[in-house]
Amino acid sequence: MNSYKLLTPGPLTTTETVKQVMLKDRCTWDDDYKTVTQTIRKQLLELAQVKETDYTTVLMQGSGSFVVESVLTTAIGDEDKVLIITNGAYGERIVDMAKVLKLQHTVYSVPYHEQPSPLQVKTLLENDSTITHVAVVHCETTTGILNPISEIGDVVKGLNKTFIVDAMSSFGGVPMDVSVMGIDYLISSANKCIQGVPGFGFVIAKIEDLEKCKGQARSVALDLYNQWEVMEVDGKWRFTSPTHVVAAFAKAIEELVEEGGVRARHERYATNNRILRARLQELGFNAYISEDLQSPIITTFLFPYEGFSFEHFYHAMKEAGFVIYPGKLTDMDTFRIGNIGDIHEDHMNTLCKVIENYMAVMKK
Ligand SMILES: *Cc1c(COP(=O)(O)O)cnc(C)c1O
């Protein structure tokens with residue numbers, strides 16, 4: 001068995017104890033299992049700082065993208081139109097989905113290293129009254145930039161539109177008051193900052209909006225409304241649920257609470273990220289995203305010198321027990337290092353030391 005530390009944006013390094021709860025088979029029909037589902041749903045509302053009377057949690061099988069698509073196909077009707085904000089591959093994936101689903105949509109695209117402007121969003125919404133929904137990514141995992149969703153939420157709510165946020169790689173790792181941010185649909189998945197394993201995602205949805213979506217989805221399996229309706233009865237999932245993954249997720253939430261909640265986890269991630277950015281800067285690696293826009297989740301670094309081989313670097317890191325991630329920019333040579341998961345300050349220090357040694361050898 002390997003014991004690599006995954007410095008990736010998910011799936012990521014999980015604790016032994018989270019992995020261990022998967023060594024048992026559970027029956028989907030059993031009350032104990034249904035209770036696990038209902039408890040998770042409730043705990044997620046607490047993490048989102050929302051009231052049970054206003055919001056509900058819907059769990060959905062599949063990877064994060066399945067859940068994004070389920071929200072788009074369920075929440076956006078044929079008469080609606082969505083403004084999609086993009087500054088990376090995940091925002092662009094939402095555009096791809098809108099095309100395939102034949103949703104009326106318009107795109108506000110900004111360069112990957114820039115935040116979208118809330119003022120520009122306001123102008124776009126004021127100039128096109130047919131827009132009913134706005135969709136944006138919180139932490140664009142493509143680069144690691146953090147988008148100003150609070151400020152965008154103010155604009156969206158001020159004009160009474162529905163706000164969809166892909167908070168896949170930030171929820172649980174960045175404190176978020178979902179109702180104050182004006183979010184109607186927040187999407188995240190089991191294998192990111194909650195530190196579970198992959199297999200399902202979840203939506204924290206404003207009940208008032210979700211209630212209007214009956215019969216709107218163009219998909220059976222991805223119908224978020226139906227999924228909610230069935231789950232709401234007693235916690236039984238509509239189709240086969242990923243039982244092992246759900247058990248692991250329940251354990252992961254327990255460990256998040258033990259750590260001190262989202263605030264404490266955010267602090268740990270932010271410390272990891274600070275160490276990484278500062279030490280790598282000293283070693284000649286420039287970050288692609290400026291410090292003030294950088295998320296505490298994942299960092300994109302430019303190649304440090306002419307002729308740098310990512311392959312070679314990757315294998316040297318792997319040899320030392322760390323798995324890093326290739327870049328996702330088309331016009332620039334970059335790689336990424338994530339710092340979420342069961343990763344602590346000492347791991348970061350060890351990694352930076354390994355990179356220091358690598359650079360010392362390469363410079364000779
Ligand atoms: C991980 C991630 C997703 C989902 O990706 P999957 O590969 O489908 O799990 C979507 N959006 C963002 C911002 C992500 O980081």
Side-chain angles (χ1 to χ4, degrees), residues 6-14 58-73 75 82 84-98 100-101 109-110 112-113 115-116 134-149 152 163-174 176 178 181 183 185-204 219 221-222 224 242 245-246 248-249 252 269 273 288-289 293-300 323-329 334 336-341 343:
L6 300 181
L7 302 178
T8 61
L12 33 76
T13 309
T14 55
V58 191
L59 312 179
M60 177 66 89
Q61 297 92 333
S63 87
S65 303
F66 290 63
V67 190
V68 173
E69 194 155 334
S70 83
V71 169
L72 298 178
T73 192
V82 58
I84 304 165
I85 302 171
T86 73
N87 57 347
Y90 291 99
E92 286 160 11
R93 189 174 296 172
I94 296 179
V95 177
D96 290 342
M97 290 172 182
V100 170
L101 291 168
S109 169
V110 297
Y112 281 21
H113 61 283
Q115 284 183 332
V134 175
V136 69
V137 175
H138 186 204
C139 169
E140 240 309 348
T141 322
T142 314
T143 59
I145 196 170
L146 203 59
N147 286 328
I149 52 166
I152 295 172
F163 194 27
I164 300 170
V165 176
D166 170 351
M168 206 70 67
S169 60
S170 54
F171 186 77
V174 176
M176 292 171 77
V178 169
M181 287 170 148
I183 301 172
Y185 295 91
L186 177 138
I187 307 149
S188 189
S189 81
N191 62 279
K192 301 230 170 160
C193 296
I194 311 266
Q195 297 184 187
V197 303
F200 75 95
F202 54 88
V203 181
I204 293 168
S219 160
L222 295 179
L224 191 74
V245 179
V246 171
F249 189 74
Y269 287 170
N273 192 262
Y288 174 69
I289 296 297
L293 308 184
Q294 170 70 50
S295 69
I297 308 294
I298 188 168
T299 311
T300 298
V323 177
I324 61 171
Y325 223 51
K328 217 176 166 122
L329 304 185
T334 58
R336 291 178 289 173
I337 299 184
N339 58 257
I340 56 178
I343 302 294

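Quick caveat: nothing in here was measured; it's all calculated off a predicted structure. Note that ligands are numbered from 1 as they come in the structure, with each ligand's atoms numbered from 1 the same way. Along the sequence shown, the residues carry numbers beginning at 1.
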Inset, instruction - Go through ligand 1 atom by atom and flag the ones less than 4.0 Å from a non-hydrogen atom of Val137. - result: 13 (C)

Legend entry - Residue and atom name of the nearest protein heavy atom (relative to atom 11 (N) of ligand 1), distance in Å to one decimal: Asp166 OD2, 2.7 Å

Inset, instruction - State the CZ-NZ distance between Arg336 and Lys328, to the nearest 0.5 angstrom. - result: 6.0 Å

Inset, instruction - Considering heavy atoms of the protein only, find what lies nearest to atom 3 (C) of ligand 1 and give residue, atom and distance to 0.1 Å. - result: Met168 CG, 3.4 Å

Inset, instruction - Report yes or no: does His138 have a heavy atom closer than 4.0 Å to ligand 1? - result: no

Legend entry - Glu140 contact mode with ligand 1 (heavy-atom cut-off under 4.0 Å): neither

Inset, instruction - If you have a sec, work out which protein heavy atom is nearest atom 2 (C) of ligand 1 and how many Å separate them, to one decimal? - result: Lys192 NZ, 2.5 Å

Legend entry - Asn191 (side chain) donor-acceptor with Gly199 (main chain) under 3.5 angstrom: no

Legend entry - Close-contact set for ligand 1 against Gly64 heavy atoms, below 4.0 Å: 4 (C), 6 (P), 8 (O), 9 (O)

Inset, instruction - Using a strict 4.0 Å cut-off to heavy atoms of Ser169, name the atoms of ligand 1 that fall inside it. - result: 15 (O)

Inset, instruction - Can you pull out the closest protein heavy atom to atom 13 (C) of ligand 1? Residue, atom name and distance to 0.1 Å, please. - result: Thr141 OG1, 3.3 Å

Inset, instruction - Provide the closest heavy-atom pair for Gln294 versus Asn273 in the form atom of the first, atom of the second, distance. - result: CG-OD1, 3.5 Å

Legend entry - Check: Tyr269 main-chain N/O paired with Asn339 side-chain donor or acceptor under 3.5 Å: yes

Inset, instruction - Report yes or no: does Thr334 contribute a side-chain atom to a donor-acceptor pair with the main-chain N or O of Gly327 at less than 3.5 Å? - result: no

Inset, instruction - Using a 4.0 Å heavy-atom threshold (strictly under), name the region of Cys139 that reaches ligand 1: side chain, backbone, both or neither. - result: backbone

Inset, instruction - Identify the residue among Ile183, Ile297, Val174, Asp166 that makes a side-chain contact (heavy atoms from CB on, under 4.5 Å) with His138. - result: Val174

Inset, instruction - I would like to know whether Tyr288 and Tyr112 meet ring-ring contact (aromatic ring centres under 6.0 Å, His included); could you show each step before the answer? - result: CA-CA 9 Å; Tyr288 174 69; Tyr112 281 21; 7.6 Å; no

Inset, instruction - Please answer whether the main-chain N or O of Gly91 pairs with a side-chain N or O of Thr86 as donor and acceptor at a distance below 3.5 Å. - result: no

Legend entry - Geometric N/O contact Val68 with ligand 1, under 3.5 angstrom: no

Inset, instruction - Verify, without hydrogens or angle tests, whether Thr13 (side chain) and Leu6 (backbone) share a donor-acceptor contact under 3.5 angstrom. - result: yes

Inset, instruction - Below 4.0 angstrom from a heavy atom of Ser65, which ligand 1 atoms are there? Numbered from 1 as shown, please. - result: 4 (C), 5 (O), 6 (P), 8 (O)

Legend entry - atom 6 (P) of ligand 1 [closest protein heavy-atom partner, distance rounded to 0.1 Å]: Ser63 OG, 3.4 Å

